[in-house]
Each structure stands twice: as structure tokens, then as C-alpha cells.
> 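Dumping the structure here so I can ask a few things about it.
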Amino acid sequence: MAASAHATSTTDDDADYVAYYNDCMQNPNAFWDQQARQRLQWRQLYDKVADHNLAEGQIRWFTNGKLNVAENCIDRHVESGRGDATALIYEADEPGTTQHITYKELQEQVNRLANVLLQQGVKQGDRVCLYLPMTPYAVYAMLACARIGAIHTLVFAGFSEDALAARISDGDCRVLITADESVRGGKKIPLRQIANDALAQIPGQVRAVLVQERTGKTPPQAYDIKLYEAMAAASPVAESATVDAEDGLFLLYTSGSTGAPKGLLHTSGGYLLYAGYTHEHFFDYKPGDIYACLADVGWITGHTYVVYGPLVNGATTVIFESVPTYPDASRYWEMVERLRINQLYTAPTALRLLMKQGDDFVQKHDRSSLRVLGSVGEPINPEVWRWFHDVVGNKQCRIADTWWQTETGGIMMCPSPLASKEGHKPGAAMHPAVGVVPLLLGTDGQEIKGNDVEGLLCLRDPTPGMARTVFGNHKRFCETYWSHFPGYYFTGDGAKRDSEGHYHITGRVDDVINVSGHRLGTAEVESSLLLHKGVAESAVVGYPHDVKGEGICAYVILRADFEPTGNTAKELKEVVRHHIGAFASPDRVQLVKDLPKTRSGKIMRRILRKIASNQLNELGDLSTLAEPKVVDEIIEGHKEFL
Ligand code: WTA
């Protein structure tokens, strides 16, 4: 069983660990070969570990290997006598409502749902859209797709109908699985109704809608298939499809600096291996541990570290439906005490929110079960890091500050277990994972060598868990990631390598902002604003926000023929909420007469970012602006937010 494949665990002897790590780094393909044989159950062993052609953005791992992902995540554990072990602990929104689901039960539910999908005519390679709350049914649906070789595409249940419709149609999904309502922090979101509005935009696209009755409060539509009933009527035994290591497992949409969100395709063999390896290694996962990643399955963190990584390792994984402050700010810590959680993985935005509420909420609960505390999604501020380490972890836990991306599928950098000896650096991801070779490049593409330097973060070699393409648009995949600096993967992040060779991520270097750990392109927000009839032009930038990490500030020029009212800013926020989702709605809308532009008409966002961040002394050179006085007007208007 994979969880016993401890070849990668640290030994007490640091010198051994360093030698082992260096050895793996010398020959990563041999390392992945050994890992793939140990960790995965293959129906047919691959004939080549890796076969890439980076000039064409082609990444292939474990060529001609055949397997089934659900079999690896479920059946293998049942067959090895662990069927009664808990696979999922569902911590429902309603405090104190918990359900334990064993591997045997998981198997049965996944099989039933796989059979329902087959009845609906879903075939291997088809895409199935999931728009679901955080309950075990989301996991059943993902694994049911994997069972039959279909490709799931989850849409985070905070996205609006427009965003959902765009993803269903881009992925050409014919079947949608959704719920009547989702419940988070006691608030209900009418998913079925939102889905209905989405489907009205794309008539004829979806032929079957399966509805989970999470609350049972919304009457079903005439053509809905009730999920619980359909599953109860279906057989608990299902065949597993044989898929190629390079066949698609899921699509997940993510934002970039330009254009509509991209549907990144992740494949079956390499992704699953990388999920399992990194979950065990970076969280020091040991059989019997209770592991909790508190992310939503709608994001990559949920895919890899709520579902695939833990399950391929036979772990017990917590499905957390609620929010950190419901019913109060002790929810996480009360849950840690009650479930005896060993590893807790969350995001800086949640920690900032909780830190503000004071230490009492934490201290009144027993956290002695915790060993590793993980953070992901954005840079963790050193003072938040210290609070996590000193207060939450009582100085007893390792902090895993994990840097990675939707595109990389799994953790790429994280302080290695040696960091405790070398001295932790709060806010630094520090060490690359095995097989990850980071490079810092200048804008001219030249590598910046040595230590104590800063540059654009690129990666030299593809790792098994990386996305293989942008669904339906391989050219875009190559252009976005592989052709800025030929031969290297461009991350979109900047980084520093300090005097000891440790990495510190400095943030995005493109027009992507990170709002409460949710990734958004400023261009997406700008296109939504244009949907309002009064908007002529807009520029959106991020600014530091003490809870969300980054807040969204929109500078909007109204059309000459549009007369603003006291409600205009509110309407503009509403348009974005409607088009993308509530999390993308601007925190500030500033109506402006003009935007700072160069003589060639390019908006100088750098200046807007400085104003929004209130760094008025650092506006830099304004001489290239066509109309420098525009800046004074914007600064004047900015005062309303101070
Ligand atoms: C940022 C989330 C600093 C980074 C898994 C990256 C981080 C983007 C960290 C990807 C970290 C993620 N420290 N920044 N530990 N983790 N980021 O695709 O800018 O939602 O490019 O994947 O989040 O966000 P995504």
C-alpha cells in the first residue's frame, strides 16, 4: 500500500536525508520510476518514464501505462483489508454534525454513482460538470467519473451562472451534477437555481441534470434526476475503465492575465502519483493519521489535497463544509480537538481572519494532536506565520508553507523537514520538491545565477503532476507557459533566492490578483464591468488588504451619455458578482474622468496600484504620461477610501 512506501520519509539522520534528496535530484526520472512502481497499481506497466517535447509544450509521463484512478484510491485499500478504515470524515456546516465514511462505503457510493452516469450515457473521455457543495457527494462524483474514465470539471460553488455556463460550454459537458442548495456558515446558496439560469444561456448543451438534495428545500425541475434516488436504485458494483496514464482525469479553470479562464487538463498517472507523493512527504502523513485540508474541492487544493492525495495514500481525509468563523472563530480548533486532527492545511486569508479574533478561541481547545500546519494560496505574512507556529501549533508543529499552482497539480516548494534544523524563515517556501529545478530569469530571459538575487520564477523540468494542455487550445498552453522563455515553464510569479539559497515567493508579476487565496485576472473583472451599460472603460488593480491579502479596486470611466446616481458603484459591484461570483466583486469602485495612459494609449497600472495601495510617494516617473494631471484627480478621489 502506498502509505507504507516510506522510501521518501526523512530519517533521523539529516546527512542521510540530504544525500538521499541530492541523489533523487540527480536522477529524478529514476526516482519517479521507483515511486510509480511502489505507489500506484498499474493494469499495464508503462514503457517509458518520461517523454517530453518542450518546444511543442508536450509533457508525457509513464507512456502506455494503464490504470484506473478510482481503483487506486479505493478498491486497493478495500482489497488489502482496510475496507473498514475511515476514508472521509464529513464535517457538515451545522456544528457537531459529523459523518464517518469507510473505504467500503466510499466504494459502494462511487460505484452506484458511476452506474448512474453510465445510464445517462456518459462515456470514457466525456466531460461531466460538477457544481456542488463540500459534502461527500462531491467526492463520490469525482471518483465516479474516474471510475468510468470520464473527465470531471468542478466549478466552485461560489461562481455565478455566467461563469458556470461558460465552463460547461467550453468543456462541452453534457451532464451536470449539482445540488438544490449549498449551506456555508448557515447561509444557503441556491445552486440549482443558479445552474438553471446558466443552462438557459446554453440551450441544448446539457442533456441530464443530477441534483443532490442537500437541504431538500428547492422543488426539483421537471427534468431533474434526483441523485439520492438514482444512486439508491443503481447497482453497488461497477466496472472500472482502463485508462491510459496520459488520459484526462479532470479539467479545472484558472485565471491568467488575459482572456477567459483556461481549462487546464490534468491527466491520470502522473498527477495521481504526484498527489500521493507530495501529500505523504510534505505533510509527514503516517497511516492512521487524521488529515484535514480545509480547502473547497472547487479549487486545485481541494482536488489534490482533500481528495486524490489522501485517498491514494489510504488516508482519512476531512471534508469541511463550513467556514472558519461559524458558529464562531473556534470552529477549526474545536474540530481539531474533537476529531484529533494531525495535519491541518489552510490558507493565509483564513489565518488572518482568525488571528484578529484573539487567541482565546484557539487556546480553549486541545491541539496536542497537531503535527504539521500547512499554508497555501498566497504569501503568508511573517506575523501570521508566527501566530500559526507559536499560538496554534504551540511551537510544536512544523509549518509547511507550500508554493504551487493549479498548473503544477501539486506542491512545488515547501520547507523540507530539515528546515527545523536550518532555522525556519517565516514566509519562505524555501526548498524545491524532488525533480523541481527553479530558475530565476531576468526579463531578457537570461538566468540570474548565484544567491541574494531576485527574478522571474521559472521551472526547468516538467514534473509528473503538471497540467498537459489547455482544453481545446494547446496553442494557448504553449504561449502562456512555455514560450516566454523557451525550454522553461514560466510560473507568472517572481521570487528571491536569499544568501543561503532559499526561495521566497514575492507574488505575481502579471495581471493576476489573489483575493482571499482565489486567483483572478484583472482583465476578467474589467470585462465584467463593461457589461454595465454606463461603463466606457475601466482598469482594475489589487491593493493590500489585511484579511483578503489583496482587495480589488476598480477605476471606472463612465460613458458621456450615462448619468451616475448614488447607486452606480453598487450596481457596478453587482455586475461583477453576477458575471463571475461574489468573491470577485470589487471592494472599491472609484469613478474617474480619465485613466493614466502613456502617449500610445497604454494604461499605466503601476501608478494605479500605487495609488490604491496609498503609496503616494512612490508613484515614480510620470513624465511618460499623456496627461499627468489625471493622476492628481485620481488621488483626490482616492481620499474617500481613507
Ligand atoms: C500564489 C493554488 C506565495 C502564487 C495552489 C501562485 C503562493 C498562485 C503560495 C497560484 C505560497 C500559492 N506563497 N504565493 N505558499 N501558494 N501562491 O492556481 O502567486 O489558485 O502563482 O493555486 O498563488 O494560485 P492557484
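Side-chain atoms are counted along with the backbone in the values below, which use heavy atoms only and exclude waters and symmetry mates. Counting convention: from 1, in listed order, for ligands and their atoms alike.
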> Heavy atoms only: which of L264, T402, V509, L457 lies closest to atom 15 (N) of ligand 1?
T402
> Taking only heavy atoms of I300 into account, list the atoms of ligand 1 that are under 4.0 Å away from them.
5 (C), 22 (O)
> Could you tell me which atoms of ligand 1, counted from 1 in the order shown, lie closer than 4.0 angstrom to a heavy atom of V376?
5 (C)
> Side chain or backbone, does S375 bring an N or O within less than 3.5 Å of an N or O on ligand 1?
no
> Within 45 degrees of the axis of the six-membered ring of Y555 and under 6.0 Å from its centre: does R605 put its NZ or CZ there?
no
> Taking the side chain from H545 and the backbone from V515, do they hold a donor-acceptor pair closer than 3.5 Å?
no
> Please could you name the atoms of ligand 1 that I505 approaches to less than 4.0 Å, counting only its heavy atoms?
3 (C), 14 (N)
> Should E407 and R519 count as an ion pair when the cut-off is N to O under 4.0 Å?
yes
> Give me the one residue out of F283, Y285, Y271, F31 that meets ring pair (Phe, Tyr, Trp, His ring centres under 6.0 Å) with Y277.
F31
> Sequence neighbours left out, what passes ring-ring contact (aromatic ring centres under 6.0 Å, His included) with W299? Give chain and number order.
F156, F159, H518, F583
> Going by the atom numbers of ligand 1, which of them fall below 4.0 Å from some non-hydrogen atom of T406?
18 (O), 20 (O), 22 (O), 25 (P)
> Can you tell whether the side chains of E500 and K425 come within less than 4.0 Å, N to carboxylate O?
yes
> Does R519, backbone or side chain, put an N or O under 3.5 Å from an N or O of ligand 1?
yes
> Hey, which atoms in ligand 1 end up nearer than 4.0 Å to a heavy atom of N514?
1 (C), 23 (O)
> Heavy atoms only: which of Y305, W404, W403 is nearest to atom 2 (C) of ligand 1?
W404
> Considering the heavy atoms of D401, write down every atom of ligand 1 situated less than 4.0 Å from one of them.
11 (C), 15 (N)
> When you measure from atom 17 (N) of ligand 1 to each heavy atom in G377, A347, G410, which option holds the nearest one?
G377
> For the aromatic rings, using the six-membered ring if either is Trp, is the centroid distance between F250 and H303 under 6.0 Å?
yes
